[in-house]
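Quick notes on the structure that follows.
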There are 2 protein chains.
Amino acid sequence: MNNEKLVKLDRIDRKILEELQRHGELSNQELSERVGLSPSPCSRRVKALEDAGIIVRRVTILDHKKLGLALTAIILIGMDRHTPERFEAFERQVGEYPEVQECYLITGQDADYMIKVVVPDMDHYHEFLLNKITRIQGVSGVHSSFVLRRVIDSTALPLGYL
Amino acid sequence: MNNEKLVKLDRIDRKILEELQRHGELSNQELSERVGLSPSPCSRRVKALEDAGIIVRRVTILDHKKLGLALTAIILIGMDRHTPERFEAFERQVGEYPEVQECYLITGQDADYMIKVVVPDMDHYHEFLLNKITRIQGVSGVHSSFVLRRVIDSTALPLGYL
DNA sequence: AAATAAAGCGCAATGTGCTTGCTAATTTTC
DNA sequence: GAAAATTAGCAAGCACATTGCGCTTTATTT
């Protein structure tokens, strides 16, 4: 549970992570075959990776189009004052909105936050922006971009550096 | 496998999706309890949601800091010419780089692509930008921002609109 | 409104896969 | 190079997922 430094990972651990990041549905049996291990040590390694906090959680990815959520927006947001109170209030408020999938505090003179928002269509986006984002105290500048095509949409980390 | 219109989803289906998008590790047994169903119909519903393509895939989320991947960058990229060949070449090339977690073709006059990149540190980022991104044919403008804090980092879709 | 058709739930049983203890082998350390 | 520690593999016990089936509930039709 601590945020301490890197745990030692051998080649098999990396293989396990590589497989699981892309195929979270894999049974332990199939995973063990792919990494060249028998089921029991494979299961133990996965558990160790979970306990070490390297494996954070498992999630299920849904199809937004099939759920009627066709519009994804990237919004760059600037704040009027860079005080902790402003930031805290913004972050607390943004956390209340399920439409916000990602929110990062970023560097750069153009914006303080970058958020990714998923909504059904442009009407809902407009409503979201006006009634939710621009209403938050301290939001001074907003610049919207819309996703035309998802070229890459992954959660996988590059494990080649380890 | 088709991209046809929305399948009808009742309240229980939505509950299942709501649980699974946040807790992909849930056993069918525990899921069934949470949505107020016995295991068998719950399993059948999940399978139906998979077959309908609403459940796309399961993934495992890893801890980047523990893996020594401390730097996340948001890069806005402009292209010199807006021709299909340019776009195709860029997208093909970017797909080769495991550091790129997301890549979206977006609207806006400032940029054509927004990509999210994960690397160990600033040195590696610099190298990545110079040797990989700016080398791609047609890349004319690049603007980098760096993630200072991950306020929200989720893959969950807002299911309240259904 | 009554009857029929359709869809979905729950129970039970079967089969598969996960997990834990233990022994042997491999790797690491001094 | 020897001892100690870590880790793989085997086997067994156990838990869970899944499939068939009868029944209830909902939807449809006349």
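Numbers restart at 1 for each chain; the letters A, B, ... are given by sequence-line order, proteins then strands.
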Fill in: A:T72-A:R150 side chain donor-acceptor pair, cut-off 3.5 Å
yes
Worksheet entry | Nucleotide C:dC18, atom C1' - distance to CG of B:L26 in whole Å | 17 Å
Worksheet item: Taking the inter-plane angle between the rings of B:H124 and A:Y161 on a 0 to 90° scale, is it parallel (under 30°), tilted (30 to 60°) or perpendicular (over 60°)?
Response: perpendicular
Worksheet item: So, is B:S43 close to the D:dT18 phosphate, meaning a side-chain N or O under 4.0 Å from OP1 or OP2?
Response: yes
Item to complete: Could you walk me through whether B:I54 and B:L17 pass the side-chain contact (heavy atoms from CB on, under 4.5 Å) test, one step at a time?
Response: CA-CA 9 Å; B:I54 292 172; B:L17 295 176; 3.9 Å; yes
Worksheet item: Whole-Å distance between C:dG21 P and A:K47 NZ?
Response: 11 Å
Going by atom type alone, with no hydrogens or angles, which donor-acceptor pairs under 3.5 Å involve a side-chain atom of residues 138-145 of chain A and a protein atom two or more places apart or on another chain?
residue : atom : partner : partner atom : Å
A:S140  : OG   : A:G78   : O            : 3.2
A:S144  : OG   : A:Y125  : OH           : 2.4
A:S145  : OG   : B:T107  : O            : 3.3

Item to complete: Rounded to the nearest angstrom, tell me the gap between atom CG in A:N28 and atom C1' in C:dT16.
Response: 13 Å
Discussion item. Rounded to whole Å, please give me the gap between CG in A:D13 and P in D:dT6.
Written reply: 15 Å
Fill in: B:E33 CD to C:dC9 C1', straight-line distance once rounded to whole Å
16 Å
Response to the item:
Expected string for nucleotides 8-15 of chain D under the B/S/- scheme (protein heavy atoms, under 4.0 Å, primed atoms plus P, OP1, OP2 as sugar-phosphate) is SBB-----
Worksheet item: For B:L9 and C:dA7, what is the distance between atoms CG and C1' respectively, to the nearest whole Å?
Response: 16 Å
Fill in: Between P of C:dC9 and CG of B:L31, the distance in whole Å
13 Å
Practice prompt. Count the heavy atoms of every other residue, nucleotide or ligand shown that sit under 6.0 Å from CD of B:E30, and state whether that count exceeds 12.
Written response: yes
Worksheet item: Between the side chain of A:S43 and the main-chain N/O of A:P39, is any donor-acceptor distance below 3.5 Å?
Response: no
